[in-house]
Structures are given as structure tokens and as C-alpha cells.
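Residue numbers count from 1 along this sequence. Both backbone and side-chain heavy atoms feed into the values below; hydrogens, waters and symmetry mates do not.
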Amino acid sequence: MNLKHLLLGLSTICSADYAMAATNINTPTVSGVWTAQNSPYYIYNDITVPLNSSLQIKPGVQVIFMGNYQITAEGRFTAIGSPEQKITFKSNDTTGWNNYTVADGGWKGIYIMEQDISSVNDPTLEHCIFRDMKSLQNSCIVSISQNMNINNCDFFHNYTEGLILSLLRFGNAPYYRSTSKLKFTHNNIYNNYAGRIMHTLYMDSVTVSYNKFYNNQSKYDTYAKSSLHDTSTHVFLFDHNEMYNNSVQENAAILDCGQGGYAFIRNNKFYQNNTTLRGAVSVRSITGLVDGNYIANNNRTQKGGFFCGINDGGSGLHLLGQTIISDKPNWNMYTVSNNVIVNNHSDINGAGIWANHCKVNIVNNTIMNNTSEDNGAAIHGWGSYCKVNVQNNIIYGNKSITSYYDTGYYAFNFSPVMAGVNVSNNLIQYTYSNAPANIQGLAQNTYDHNLSLLSPTTDAGSIYSALSADFSPVASSLNIINRGTNSAPDHGDKDYLGNPRISGNSIDIGAIEFSGNPSRIANNALSSQIKLYPVPARQLINLENNTGKTIKLAQLFNMNGQQFEVPVSANGKVMRFDLSHIARGTYYIMLTLSDGQQAAQAFTAL
């Protein structure tokens with residue numbers, strides 16, 4: 001054997017030994033740095049990171065629990081992996097995991113109570129996998145730290161009383177921070193069983209963005225935002241999340257924004273969830289904005305036939321104020337705008353929107369094909385101090401299965417003792433001839449059985465999936481294009497797709513503003529006279545106009561009809577589009593020509 005082969009053999013042996021390195025943890029306290037070189041780490045008992053110490057877990061580490069043990073972090077704790085080398089926390093033996101009467105089959109979780117406020121590094125869990133957790137009495141990921149960051153993590157195959165609980169510092173303790181925050185982004189939470197999947201109780205602010213919650217089963221809410229009291233003034237931002245195929249059993253919602261604070265629920269998707277007593281989204285905060293969301297194919301049922309009447313109803317959106325005995329100025333004021341709320345089902349009423357004891361502007365939504373067992377499949381309003389303003393909405397195809405009143409009750413169910421109801425400038429399928437006397441504006445609506453949209457669901461009810469439907473207007477949607485009122489309060493400056501809310505002479509009715517249909521326009525004769533190069537495009541694309549007409553407007557859209565603003569320069573009949581700030585994908589460039597005709601071409605950006 002020559003020297004080269006000898007060195008190669010030694011290198012192979014060393015690599016094998018390096019790959020098999022492992023560390024047994026059987027001491028009550030831990031600190032320092034855990035690395036991939038010494039991984040996996042086998043945990044044989046409960047362990048604590050002491051106060052004034054720290055534990056850093058590096059990318060690629062596996063933490064394997066040999067029993068129902070937990071990590072308690074009194075000192076600084078971080079577990080930051082990478083997309084290529086995630087950190088994994090799991091159980092060595094999952095036998096008995098699905099037996100809730102025993103502790104066997106999983107590990108207990110992580111309890112973070114960092115008290116060192118001098119640290120500039122907040123407790124962080126990033127690019128981690130948490131699986132096989134099991135706790136019969138408590139939550140498994142618990143943080144009572146001042147600030148907490150949980151990003152790009154996966155939580156699955158966990159069986160707990162509560163999966164994730166963030167209880168940020170409060171009170172007069174010396175470690176109290178008045179600016180405590182939680183940042184929870186880009187996580188996947190799926191296939192878990194829990195009393196409640198995620199719960200935040202906090203003093204200042206929480207940001208929950210770009211997460212997916214799916215295929216979870218829980219006794220109570222999938223996600224609950226709670227306060228210490230109903231006068232708390234914290235901020236809750238819940239945006240660009242997906243929540244689907246989740247089920248809850250008790251008086252619970254998929255997303256529950258409890259009393260107190262200010263809730264901003266924007267640009268999320270809630271679909272194919274099953275709830276009990278309350279809707280997929282429930283809001284009871286001081287004020288709330290529900291804007292640009294997709295709420296579809298959710299089912300709501302009573303529990304054992306029990307009926308309360310005050311707080312149970314709806315299926316899609318459930319709004320409940322505390323102004324039952326006396327009104328509170330500037331409290332329980334909600335805006336519901338630019339949402340697509342379709343094909344939800346409630347076994348009572350208000351399958352689309354259910355509003356009790358609150359003040360709400362329902363503006364520029366598409367509320368279609370919802371069904372309820374009782375009256376008001378689209379919108380239900382009730383309570384002496386309840387005020388509802390309904391403007392610029394498409395309210396169409398909703399059905400009340402057992403209604404014994406006129407067809408107007410298919411859409412609405414308003415109490416005659418409400419403080420105020422305005423229903424105006426909407427497109428409504430049926431007239432409301434038996435409306436209570438307190439409803440204003442009914443003569444200002446468009447009542448029409450004809451509605452042209454791109455590709456809506458074919459009928460009412462949750463059995464008709466809206467996942468591949470498209471509720472965008474088309475050129476023939478003359479009863480909604482420019483037919484809304486610009487004076488409707490709180491319509492916002494963006495529609496459901498993120499395009500400018502007013503395009504043309506006036507605002508359109510419904511959640512989606514008409515901005516042309518690039519996919520159909522691309523098939524017309526003028527489109528063949530537009531030349532795009534280079535295709536596929538990188539960084540930039542050129543457009544050569546051979547139509548013989550002047551270009552009045554040039555717009556860039558993605559396949560969903562969302563408009564993008566990009567820098568454009570012109571040289572003669574050639575226009576150059578700067579694509580350096582858009583993601584990869586398929587796009588349309590649509591031109592509006594001097595004579596009003598339109599032409600479009602598709603291309604791929606790399």
C-alpha cells in the first residue's frame with residue numbers, strides 16, 4: 001500500500017469515527033455549546049440551563065430524549081440551525097405516544113424563563129424540528145421570556161395539553177420589559193393533538209406571519225390570543241398565514257382573538273376547518289381589522305344541541321363585542337374589508353359573517369355561496385348596541401336552508417332592536433322585503449340575479465371547494481365595475497389581490513378590483529403583434545410594440561392577477577422592464593392602447 005492510499009484509509013476511518021460521535025447528558029445542569037461534531041445528544045433526565053449561564057445549540061445537532069424529560073432554561077438559550085442543517089428535538093422511543101393516560105412515548109418539551117435582561121440576544125428557536133413531545137398537563141414549548149423569536153421551525157407529531165405557549169413578562173419584577181415581543185414566522189405546525197395548539201398571553205406585541213397550521217386537532221382553539229384583562233392595549237399582527245384542515249371541539253375557533261388589545265388580521269387563508277359554536281376566525285378585541293383574507297369551506301356546528309345565543313354563531317367570521325349591557329365608545333369597533341368569504345356552512349346562522357354587540361364596517365367583500373340552517377347565511381347582526389354598515393359588497397348565492405321568510409333572509413338576519421344598520425351600494429341577489437324598519441339604504445343597492453365572475457364556485461355550501469375558484473370580475477361584470485361608492489368608510493387602498501383598490505372612475509363592488517384579465521387578453525389578435533425578448537427573462541425584458549398604436553398604459557401581473565410595480569424605460573417602440581426585484585415565475589405584460597383595446601403576452605422570469 002503506498003502512502004497516498006494509507007492516508008486515504010486513515011481519513012476514511014477518522015470520518016467514520018467523527019460521524020459516530022455522541023454525547024450522553026445525565027447531569028441536572030447544562031451549559032456551553034452543543035455541536036454537530038458531538039451529536040446526537042442523548043438526554044437521560046430533566047436538564048436546566050442555570051441563571052447566568054447559556055446554552056447554544058448549533059446547526060445539525062440532534063437532541064434525543066431517552067424518556068419524558070424536559071429542558072428548562074433559566075439562563076440564555078438559543079437553538080439556531082440552518083435550512084441545510086436543521087436542529088432536531090425528538091424522542092428515542094415513541095411507544096405509547098398516542099396513549100394519553102401515560103407519559104411514555106415522548107419528551108416533555110422546553111421551558112424558557114430567561115431572566116438575564118442584560119443579554120442582547122433574545123431566546124431564539126430557528127430552523128428546528130420539534131416532534132414527539134408529550135405533556136399531559138402543560139404546554140410543551142413555553143416561553144415567559146421578555147422577548148422570543150421562533151422562526152422557520154417544524155412542529156409535528158406532538159400530543160400535549162398545549163403545544164406552544166408564550167407568556168411574556170409582566171408585573172413589577174426587576175426583569176420586566178414594557179416592550180416585550182414575540183416574533184413567530186415561517187413555521188409549519190401540523191399533525192398535532194393538543195388541548196390548544198398555540199396560545200399567546202402578552203403585554204405588548206406579537207407578530208405571527210407566513211406560517212402554516214394544518215391537520216391539527218385540538219379541544220380548544222387552534223391559535224388563541226389572550227389578554228390579562230379586556231382593557232389591555234397590546235398589538236396582535238396575524239398576516240400571510242394559512243390555516244386549513246384543523247378541527248376544534250369545544251367553544252372554540254381556529255383563530256381566536258380574545259378580549260383586549262388591537263388585532264390586525266390581514267392576507268391570510270382560512271379554509272376547510274371544522275369549529276364548534278364559533279367561526280373559523282373569532283374577534284373580540286377592542287378594535288380589529290380583518291382585511292384581504294380568504295375564508296372558505298369552513299364548517300361550524302353546535303355542541304350537543306346546546307344554544308347560548310350570545311356568543312355562538314357564524315362559520316367564517318365571528319365578531320363579538322362586550323357592549324351587552326351598556327355601550328362603550330370606541331370599543332369593539334371592527335373593519336371587515338376586501339375579503340373573499342365563500343362556501344362556509346353554519347348549522348345556525350351567519351355562515352359568512354356573524355356580528356353581535358359590536359360596531360363593524362363590512363366594506364368591499366365578496367360574500368358568496370355560504371349556507372346556514374337558519375336565516376342570514378351571508379351576514380347576521382344582533383344586539384341593542386350593535387351597529388353594522390354594509391357597503392360595496394357582492395352578496396350572492398347565499399342560502400338559508402330552512403328559512404320561512406322571503407328570500408332576503410337568505411342573505412341577512414338583523415335584529416329590529418339594533419342601534420343602526422346600513423345596507424347600501426351592494427350587489428345583492430334578492431330583495432329584502434321583510435326587512436326590519438331600522439335598516440337604512442336598501443333602495444341604494446343593485447338587485448340582480450346575473451353575476452359574471454371569472455370562475456366562481458358553481459353552487460352554495462361547503463361541499464363545493466373554492467380552492468381552485470376565481471372570484472375576479474371580467475369585462476362583462478358591468479353591475480359591479482365602477483358601481484361602488486368611494487365614500488364607503490375603511491375600504492382600504494388595496495384589494496384582495498394587492499392591486500390598487502380604485503381602478504377607473506370609481507371603486508368596484510366586491511373584494512377584487514377589475515384590472516383586466518391578462519390570460520384571456522393574451523389570446524386576442526393584437527397580442528400576436530407584441531414581441532417580448534429575451535424569453536425566459538433574467539433581470540430585464542424588452543417589449544417591442546408592433547400594433548401600430550400608441551401605448552397608453554403598461555402593467556405587469558402574475559398568474560393570480562396581482563399587479564407588480566417595476567421600473568420601465570422606453571426607446572421608440574421598445575419598452576424595457578426591470579425585473580430585478582420580482583420572484584421567479586410566470587407573468588403577463590398587459591398593454592392598454594390608445595384606442596382603449598388591450599393586448600397581453602406571457603413570459604417566464606428566472
Side-chain angles (χ1 to χ4, degrees), residues 109 125-133 135 139-143 148-166 182-202 206-226 236-258 263-276 278-283 290 292-300 315-318 339 341 344 462 466-467:
L125 306 175
E126 191 163 298
H127 293 294
C128 297
I129 296 173
F130 298 93
R131 57 168 300 165
D132 311 330
M133 290 186 289
S135 177
S139 297
C140 281
I141 302 293
V142 179
S143 170
M148 185 72 201
N149 300 312
I150 303 177
N151 308 311
N152 300 105
C153 294
D154 294 312
F155 301 84
F156 64 92
H157 195 256
N158 300 294
Y159 201 158
T160 72
E161 178 61 28
L163 181 56
I164 304 167
L165 169 65
S166 182
L182 169 68
K183 183 179 180 183
F184 190 86
T185 68
H186 297 95
N187 301 291
N188 294 306
I189 306 94
Y190 61 98
N191 293 347
N192 300 290
Y193 299 82
R196 182 174 276 120
I197 299 297
M198 186 169 178
H199 186 195
T200 49
L201 174 62
Y202 52 88
V206 165
T207 298
V208 180
S209 302
Y210 296 97
N211 305 285
K212 289 186 177 182
F213 297 80
Y214 60 97
N215 296 344
N216 299 291
Q217 297 183 37
S218 56
K219 184 176 182 180
Y220 300 106
D221 313 286
T222 303
Y223 186 111
K225 182 276 296 182
S226 298
F236 177 68
L237 175 62
F238 193 89
D239 71 332
H240 291 93
N241 301 286
E242 283 192 61
M243 304 187 80
Y244 59 95
N245 294 346
N246 302 289
S247 297
V248 297
Q249 300 173 6
E250 297 294 336
N251 182 359
I254 301 303
L255 172 65
D256 179 24
C257 299
F264 298 87
I265 304 168
R266 303 184 301 203
N267 308 118
N268 306 283
K269 294 184 176 181
F270 306 91
Y271 57 95
Q272 294 179 345
N273 300 290
N274 293 298
T275 65
T276 305
R278 288 188 279 145
V281 181
S282 179
V283 182
V290 182
N293 301 282
Y294 171 88
I295 305 174
N297 295 114
N298 300 289
N299 280 282
R300 177 257 181 215
S315 174
L317 179 59
H318 172 276
N339 303 283
I341 305 175
N344 301 286
S462 58
L467 292 183

### Query
For N273 and N298, what are the C-alpha separation, side-chain angles and deciding distance, and is it a side-chain hydrogen bond (donor to acceptor under 3.5 Å, both in side chains)?
CA-CA 5 Å; N273 300 290; N298 300 289; 3.0 Å; yes
Nearest 0.5 angstrom please: [X] [atom1] to [Y] [atom2], how far?
{"X": "H240", "Y": "N267", "atom1": "NE2", "atom2": "CG", "result": "4.0 Å"}
{"X": "S209", "Y": "D239", "atom1": "OG", "atom2": "CG", "result": "3.5 Å"}
{"X": "N152", "Y": "N149", "atom1": "CG", "atom2": "CG", "result": "11.0 Å"}
{"X": "E250", "Y": "T275", "atom1": "CD", "atom2": "OG1", "result": "12.5 Å"}
{"X": "Y159", "Y": "Y193", "atom1": "OH", "atom2": "OH", "result": "8.0 Å"}
{"X": "L182", "Y": "I164", "atom1": "CG", "atom2": "CD1", "result": "9.5 Å"}

### Task
I would like to know whether L255 and M243 meet side-chain contact (heavy atoms from CB on, under 4.5 Å); could you show each step before the answer?
CA-CA 9 Å; L255 172 65; M243 304 187 80; 4.2 Å; yes
### Task
Under the side-chain hydrogen bond (donor to acceptor under 3.5 Å, both in side chains) rule, collect the residues that match up with N158, sequence neighbours excluded.
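With neighbours one apart ignored, the set is N192.
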Taking C-beta and beyond as the side chain, do [X] and [Y] meet within less than 4.5 Å on heavy atoms?
{"X": "I141", "Y": "M198", "result": "no"}
{"X": "T200", "Y": "K225", "result": "yes"}
{"X": "T222", "Y": "F270", "result": "no"}
{"X": "N293", "Y": "V281", "result": "no"}

Please check: side-chain N/O of [X] versus main-chain N/O of [Y], any donor-acceptor pairing under 3.5 Å?
{"X": "K219", "Y": "Q249", "result": "no"}
{"X": "S218", "Y": "Y220", "result": "yes"}
{"X": "N216", "Y": "I189", "result": "yes"}
{"X": "S135", "Y": "E161", "result": "no"}
{"X": "N297", "Y": "A466", "result": "yes"}
{"X": "N246", "Y": "I254", "result": "no"}
{"X": "D154", "Y": "I129", "result": "no"}
{"X": "N241", "Y": "N268", "result": "no"}

Taking ring pair (Phe, Tyr, Trp, His ring centres under 6.0 Å) as the definition, give me every residue that meets it alongside [X], ordered by chain and number, with sequence neighbours left out.
{"X": "Y223", "value": "F236, F238"}
{"X": "F213", "value": "none"}
{"X": "F156", "value": "Y190"}

### Message
Just by distance, no angles: are the side chains of N299 and S462 close enough, under 3.5 Å, to form a donor-acceptor pair?
### Response
yes
### Task
Would you please say whether a donor-acceptor pair under 3.5 Å links the side chains of T185 and N151?
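Yes, a side-chain donor-acceptor pair sits under 3.5 Å.
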Heavy-atom pair with the smallest gap, counting every atom of [X] and [Y]:
{"X": "I197", "Y": "Q217", "result": "CD1-O, 4.1 Å"}
{"X": "S226", "Y": "H199", "result": "OG-NE2, 2.8 Å"}
{"X": "T160", "Y": "M133", "result": "CG2-O, 3.9 Å"}
{"X": "G316", "Y": "I295", "result": "CA-CG2, 3.6 Å"}

### Task
Check the pair M148 / F184 against side-chain contact (heavy atoms from CB on, under 4.5 Å), numbers first and verdict last.
CA-CA 8 Å; M148 185 72 201; F184 190 86; over 6 Å; no
### Task
Not counting sequence neighbours, which residues clear side chain to side chain contact (heavy atoms under 4.5 Å, CB included) with S282? List them please.
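Partners of S282 by the side chain to side chain contact (heavy atoms under 4.5 Å, CB included) criterion, ordered by chain and then number, come out as A253, D256, R278, R284, H318.
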#### Entry: Set of residues satisfying salt bridge (Lys or Arg N to Asp or Glu O under 4.0 Å) with respect to D132, sequence neighbours excluded
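Checked D132 against salt bridge (Lys or Arg N to Asp or Glu O under 4.0 Å); zero matches.
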### Task
Go through the steps to decide whether L467 and Y294 satisfy the test side-chain contact (heavy atoms from CB on, under 4.5 Å), and finish with yes or no.
CA-CA 10 Å; L467 292 183; Y294 171 88; 3.8 Å; yes
